[in-house]
K.L.:
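So that we are looking at the same thing, I have put the structure below in structure tokens.
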There are 2 protein chains.
Amino acid sequence: MPEATGQAAPKAKRPTRDQRREEILAAATRVFGSKGYHQGSLVDVAAQVGITHAGVLHHFGSKDKLLWEVLEYRDRVDVQHLEGKHIPGGIELFRHLVTTARQNAERRGIVQAYAVLTGESVTDGHPASTWVAERFSVLRGEISQAVRVLADEREVTLPEGEPERAAAAVIAVMDGLQLQWLLDPAAVDLASGTEFAIESILTATLGAPVRIAAS
Amino acid sequence: MPEATGQAAPKAKRPTRDQRREEILAAATRVFGSKGYHQGSLVDVAAQVGITHAGVLHHFGSKDKLLWEVLEYRDRVDVQHLEGKHIPGGIELFRHLVTTARQNAERRGIVQAYAVLTGESVTDGHPASTWVAERFSVLRGEISQAVRVLADEREVTLPEGEPERAAAAVIAVMDGLQLQWLLDPAAVDLASGTEFAIESILTATLGAPVRIAAS
DNA sequence: CCACACTTACTTACTGGTTAGTAAGCCCGG
DNA sequence: CCGGGCTTACTAACCAGTAAGTAAGTGTGG
């Protein structure tokens, strides 16, 4: 809090443009996460920041643009989290996936946002559909590459398309478990379930037991 | 107005109550499937049947009730499909799951409806959330039971909670693959991907190779 | 066998609510 | 003193649900 002598008004300092934008993005993530994009309104978002919905539009122009920036924002934060640690490859990637699942069990909001937006995105003409499709595509690429690294290490040759199939299955099981966990957290253990499923898929793909130790 | 001679009028006969209800349920399945529950309106549904939205409300009372009946309708149709063939158990159940996946690849609309509603259902207070949660619960029960049957057949004893974990993983991988397939049908093969993933999970659970032959 | 009573299946018209987006102006800080 | 950040006020569209009226059937008593 600034200014003791000058004018010690208890008035809150007006945030800078970038601060406000970040506040709004965080609020929009919460709102779209808990209510979905269509059901979550700009009024909801604005209320969480303490302004009106017109104020939000002043910063982002339209609801669609806000959604796009929310998605980019999520990517930026996720990458920031790995800063310097370079994208892991081989077995390290799968360790990272399990670790993420473990962390996600403590961040229900983010998991919910991801699940809701992903599900919504398969509706006709949804503004996030290309983003989600692209995200899946990139993930499949990275994971199938890691599978190939493991295969090389163990000197097994995989049939054409097998790494991609395994990659799709790994992503699928993670998303699917999140869905079940969101609807009934007691029935599914996110971390151990993810680890078990990934190990199963890798073991079957490589033809030899694969273990993912603690990170 | 009518009446020329006798009454050879080419006038369309008014459908019976039950016919109309079925028409509306089918239309609602398409609408909620392609646009989601919140974004799909009663006007959309009504237009597909050639009546007004008030006509739809005459039959179903409210939008929420319509959704509930759509979900029940889906169950009824699915079960009808298995009529007489009793709910399969043991390896037969997994064969059935793969067969369903193969059929689903030809029924995009239904898969989309299921994916959209499931994703939407994790939003706060969604009218379908208890239905989806219940469905997951029942499926986990049936599949974990089938896993136990397989374990007994092979005389292996499974750790506490292991069948449930495998069941959750099987459901997860099916749902997740559907999502990826909807967004990029060329990147994922629904039938073979499902078969591969289920075999991987069962093999890892039972400690011995499990194959799912053609049904 | 048919007229009258009643029910069913809607339509039209409206209500109250919510939505995204626009326009104009106010106010504060640098 | 001026410009960005915001509010207030508004619009046009759309929504679910209600109410009342109407036309087309169905059942029934005479």
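All heavy atoms count here, side chains included; hydrogens, waters and symmetry mates do not.
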K.L.:
OP1 or OP2 of D:dC6 sitting under 4.0 Å from any side-chain N/O of A:Arg20?
P.N.:
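A:Arg20 to D:dC6 OP1/OP2: side-chain N or O found under 4.0 Å.
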K.L.:
Output the rounded distance in Å from CD (B:Glu23) to C1' (C:dA9).
P.N.:
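Roughly 13 Å, once rounded to whole Å.
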K.L.:
Please figure out whether A:Gly61 or A:Asp44 has its closest DNA chain C nucleotide nearer the 5' end.
P.N.:
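Its nucleotide being nearer the 5' end, the pick is A:Asp44.
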K.L.:
If you draw the axis of the six-membered ring of B:Tyr37, does the NZ or CZ of B:Lys63 fall within 45° of it and under 6.0 Å from the ring centre?
P.N.:
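Yes, B:Lys63 and B:Tyr37 form such a contact.
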K.L.:
Would you check if A:Phe136 and A:Asp175 make a side-chain contact, meaning some heavy-atom pair closer than 4.5 Å?
P.N.:
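A:Phe136 reaches A:Asp175 side chain to side chain.
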K.L.:
Less than 4.0 Å between a side-chain N and a carboxylate O, is that true for B:Glu72 and B:Lys65?
P.N.:
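The answer is no: the pair does not qualify as a salt bridge.
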K.L.:
Is the shortest side-chain N to carboxylate O distance from A:Asp44 to A:Lys35 below 4.0 Å?
P.N.:
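A salt bridge links A:Asp44 with A:Lys35.
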K.L.:
Taking atom C1' of D:dG17 as reference, at what distance in whole Å does atom NE2 of B:His59 sit?
P.N.:
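Computing the B:His59:NE2 to D:dG17:C1' distance gives 16 Å.
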K.L.:
If you pin B:Arg17 and A:Ser62 to their nearest nucleotides in DNA chain C, which one's is more 5'?
P.N.:
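Nearest-nucleotide comparison on DNA chain C picks B:Arg17.
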K.L.:
B:Ser34 versus B:Gln112: any side-chain heavy-atom pair under 4.5 Å?
P.N.:
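Answer yes - side chains close enough.
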K.L.:
Using residues 180-197 of chain B as the side-chain source, report each donor-acceptor pair under 3.5 Å to any protein atom, sequence neighbours left out, with the distance given to one decimal.
P.N.:
from	atom 1	to	atom 2	distance (Å)
B:Gln180	OE1	A:Arg140	NH1	2.9
B:Gln180	NE2	A:Ala168	O	3.0
B:Asp189	OD1	B:Ala191	N	3.2
B:Asp189	OD1	B:Ser192	N	2.8
B:Asp189	OD1	B:Ser192	OG	3.1
B:Thr194	OG1	B:Leu190	O	2.6

K.L.:
Expressed as a whole number of angstroms, how long is the span from B:Lys63:NZ to D:dT18:C1'?
P.N.:
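It is 17 Å, rounded to the nearest whole Å.
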K.L.:
Whole-Å distance between C:dT19 P and A:Leu66 CG?
P.N.:
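These atoms are roughly 15 Å apart.
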K.L.:
If you define the side chain from C-beta out and look only at heavy atoms, does anything of A:Arg107 sit under 4.5 Å from A:Asn104?
P.N.:
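Yes, at least one pair of side-chain atoms sits under 4.5 Å.
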K.L.:
Give me the atom names and distance for the closest heavy-atom approach of A:Ala169 to B:Val173.
P.N.:
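Taking every non-hydrogen atom into account, O-CG2, 3.6 Å.
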K.L.:
Quick one: A:Gln19 CD to D:dG4 P, roughly how many Å, whole number?
P.N.:
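Result: 18 Å.
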K.L.:
Quick one: B:Asp18 CG to C:dA9 C1', roughly how many Å, whole number?
P.N.:
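B:Asp18 atom CG is separated from C:dA9 atom C1' by 14 Å.
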K.L.:
Please give me every residue in residues 51-58 of chain A whose heavy atoms get under 4.0 Å of an atom in DNA chain D, ordered by residue number.
P.N.:
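Close to the strand are A:Ile51, A:Thr52, A:Ala54, A:Gly55, A:His58.
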K.L.:
Take the protein atom CZ of A:Arg21 and the nucleotide atom P of D:dG4, then report the distance between them rounded to whole Å.
P.N.:
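For the pair A:Arg21 CZ and D:dG4 P, the rounded distance is 15 Å.
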K.L.:
Scan residues 31-43 of chain B against DNA chain D and write down, sorted by residue number, each residue with any heavy atom closer than 4.0 Å; if none is found, say none.
P.N.:
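Residues of residues 31-43 of chain B that come under 4.0 Å of DNA chain D are, in numerical order, B:Gly40, B:Ser41, B:Leu42.
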K.L.:
Walk me through it: do B:Thr205 and B:Leu150 pass the test side chain to side chain contact (heavy atoms under 4.5 Å, CB included)?
P.N.:
CA-CA 10 Å; B:Thr205 302; B:Leu150 289 188; over 6 Å; no
